[in-house]
Amino acid sequence: VQLQASGGGLVQAGGSLRLSCAASGTAVRLNFMAWYRQGPGNARELVASITSGGRTNYADSVKGRFTISRDNAENTVYLQMSSLKLEDTAVYYCYARYYGEYWGQGTLVTVSS
């Protein structure tokens with residue numbers, strides 16, 4: 001199983017980015033899929049998740065601003081991020097769980113003022 005995260009970059013506060021997590025070796029529709037992030041000096045934290053049944057969950061800090069979704073045909077999970085804040089700066093990691101746990105390599109999101 002491989003998870004390839006992409007879409008990070010530099011964005012101004014208030015802007016938007018969409019992260020992608022392309023999976024191979026597993027089907028995202030079968031997995032518990034999630035995005036985690038780790039900011040400077042912080043522990044890794046759960047940002048958003050989506051179950052195999054399509055139920056989504058968000059950290060309080062991103063509710064109303066971030067949306068997790070998946071495209072079964074593309075076997076990809078997305079994280080749409082809007083109204084970005086300085087504190088959203090972090091490395092974002094894709095995570096999958098289905099008969100095992102898997103992590104992507106991380107993609108850096110930097111929000112500037």
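Computation of the quantities below employed the complete heavy-atom set of this structure, encompassing side-chain atoms and omitting hydrogens, waters and symmetry-equivalent molecules.
- A distance of 11.0 Å separates OG1 of T110 from CG of D88, quoted to the nearest 0.5 Å.
- With contacts defined as side-chain heavy-atom distances shorter than 4.5 Å, the pair L10/S112 qualifies.
- With rounding to the nearest 0.5 Å, the separation of OH in Y58 from OG1 in T67 is 4.5 Å.
- Taking the side chain as every heavy atom from C-beta outward, E101 and F32 never approach each other to under 4.5 Å.
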Donor-acceptor pairs under 3.5 Å, side chain of residues 75-82 to any protein atom, not counting sequence neighbours: which ones?
unit_1	atom_1	unit_2	atom_2	d
N75	OD1	V28	N	2.8
N75	ND2	A23	O	3.0
N75	ND2	T26	O	2.8
T76	OG1	E74	O	2.9

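- Contact record, S16 with S83: OG-N, 4.4 Å, taken as the closest heavy-atom pair.
- T89 contributes a side-chain N or O that, together with a main-chain N or O of V111, makes up a donor-acceptor pair within less than 3.5 Å.
- Judged by distance alone, the side chain of R70 and the main-chain N or O of T51 form a donor-acceptor pair under 3.5 Å.
- There is no path of hydrophobic side-chain contacts, each under 4.5 Å, that joins L3 to L108.
- The two residues Q105 and Y93 make their nearest non-hydrogen contact at O-CE2, 3.8 Å.
- Around CZ of R29, the count of heavy atoms belonging to other residues, nucleotides or ligands within 6.0 Å does not exceed 12.
- Side-chain contact between L46 and Y95: absent, with no pair of heavy atoms (C-beta onward) separated by less than 4.5 Å.
- Remark: Q38 CD is packed, more than 12 non-hydrogen atoms of other residues, nucleotides or ligands lying under 6.0 Å away.
- Residues M33 and C21 share a closest heavy-atom pair of CE-SG, 4.3 Å.
- Every side chain to side chain contact (heavy atoms under 4.5 Å, CB included) that E45 has, sequence neighbours left out, goes to R37.
- Remark: D60 engages K63 in a salt bridge, criterion side-chain N to carboxylate O under 4.0 Å.
- Connection of Y98 to I68 is not established within any shared hydrophobic cluster, with ILVMFWY side chains joined at heavy-atom distances below 4.5 Å, either directly or through further cluster members.
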**Request:** Verify side-chain contact (heavy atoms from CB on, under 4.5 Å) between L84 and F66, making sure each step is shown before the conclusion.
**Result:** CA-CA 9 Å; L84 283 161; F66 290 11; 3.8 Å; yes
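- Note on V1 and Y99: separate hydrophobic clusters, where clusters join Ile, Leu, Val, Met, Phe, Trp and Tyr whose side-chain heavy atoms are under 4.5 Å apart, directly or indirectly.
- Between atom OH of residue Y102 and atom OG of residue S24 there is a gap of 11.0 Å, rounded to the nearest 0.5 Å.
- For W35 and Y92, the ring centers are positioned 6.0 Å apart or more.
- Side-chain atoms of T107 come within 3.5 Å of backbone N or O of G8 as a donor-acceptor pair.
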